[in-house]
Amino acid sequence: MLPQEAQDSLAALAPDFAMACGFVPAPKRHAVQTLFAFYAHLIGIVYQARDPMLGEIKLQWWREVFEGKRDQSEAQAHQIGRASCRERV
C-alpha cells in the first residue's frame with residue numbers, strides 16, 4: 001500500500017492520475033499508484049524548488065537511484081523510494 005502522504009500528494013498534484021488509479025485492475029493498482037506518485041513527486045520538485053540548482057540536484061539524486069549508482073538504503077529512506085524499490089517500477 002502506498003503511504004497516505006504519497007496518496008495525498010498524488011491527489012493534490014495530479015488529480016486526474018489519482019482518479020485513473022481506480023480503473024486499474026487490483027493486482028496492478030499498487031504499481032501504477034507508485035509510478036504516478038513518483039511522477040507527482042517529480043512535478044513537485046520542479047514547481048516547488050526556489051533555486052533551480054537545488055531542484056536539479058534532487059532530480060539528479062533520483063536519476064542515480066534508478067540507475068543503481070546509489071545505495072538502495074538511501075532510496076528506502078524515502079516513502080516513494082521504498083514503494084518503488086518494492087515494485088521495481
Side-chain angles (χ1 to χ4, degrees):
M1 182 78 177
L2 197 61
Q4 187 61 45
E5 185 178 333
Q7 290 180 23
D8 293 344
S9 176
L10 175 60
L13 294 171
D16 49 341
F17 283 18
M19 186 183 305
C21 287
F23 296 99
V24 175
K28 301 289 184 183
R29 190 170 298 138
H30 185 265
V32 171
Q33 277 183 324
T34 301
L35 183 63
F36 287 171
F38 179 65
Y39 169 77
H41 179 70
L42 294 180
I43 289 174
I45 289 173
V46 171
Y47 287 114
Q48 295 170 1
R50 292 179 182 215
D51 180 1
M53 183 58 77
L54 292 177
E56 188 174 333
I57 289 169
K58 289 179 182 183
L59 293 174
Q60 181 63 33
W61 184 86
W62 277 111
R63 169 183 257 170
E64 291 171 2
V65 165
F66 284 102
E67 288 178 343
K69 295 179 181 176
R70 295 246 175 213
D71 189 279
Q72 289 300 309
S73 63
E74 292 182 48
Q76 295 286 337
H78 191 280
Q79 63 183 0
I80 295 174
R82 277 191 302 278
S84 298
C85 289
R86 198 169 39 243
E87 292 294 334
R88 301 299 298 164
V89 172

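All values reported here derive from a predicted model rather than from experimental measurement. Each residue takes its place number in the sequence, starting with 1.
- A donor-acceptor contact closer than 3.5 angstrom is absent between the side chains of Glu56 and Gln60.
- A distance of 12.5 Å separates CZ of Arg29 from OG1 of Thr34, quoted to the nearest 0.5 Å.
- Scanning both residues, Phe17 and Leu10, for their nearest heavy atoms gives CB-CD1, 4.1 Å.
- Two different hydrophobic clusters hold Tyr39 and Leu59 under the rule that ILVMFWY side chains link at heavy-atom gaps under 4.5 Å.
- With hydrophobic clusters built from ILVMFWY side chains whose heavy atoms lie under 4.5 angstrom apart, Val46 shares a cluster with Val65.
- In this view, Arg63 satisfies the side-chain hydrogen bond (donor to acceptor under 3.5 Å, both in side chains) rule with no residue, not counting sequence neighbours.
- Judged as a side-chain hydrogen bond (donor to acceptor under 3.5 Å, both in side chains), not a single pair has a partner in residues 42-51 (not counting sequence neighbours).
- Put simply, Leu54 and Trp61 are part of two different groups of oily side chains (I, L, V, M, F, W, Y) that touch within less than 4.5 Å, one to the next.
- Partners of Leu13 under the side-chain contact (heavy atoms from CB on, under 4.5 Å) rule, at least two apart in sequence or in another chain, are Ser9, Ala40.
- Looking at heavy atoms from C-beta onward, Ile45 lies in side-chain contact with Leu42 at the 4.5 angstrom threshold.
- The shortest heavy-atom contact between Ala18 and Ala11 is CB-CA, 3.9 Å.
- The hydrophobic clustering, which links ILVMFWY residues whose side-chain heavy atoms are closer than 4.5 Å, places Ile43 and Val32 together.
- In terms of heavy atoms, Gln33 sits closest to Cys21 at CG-SG, 3.5 Å.
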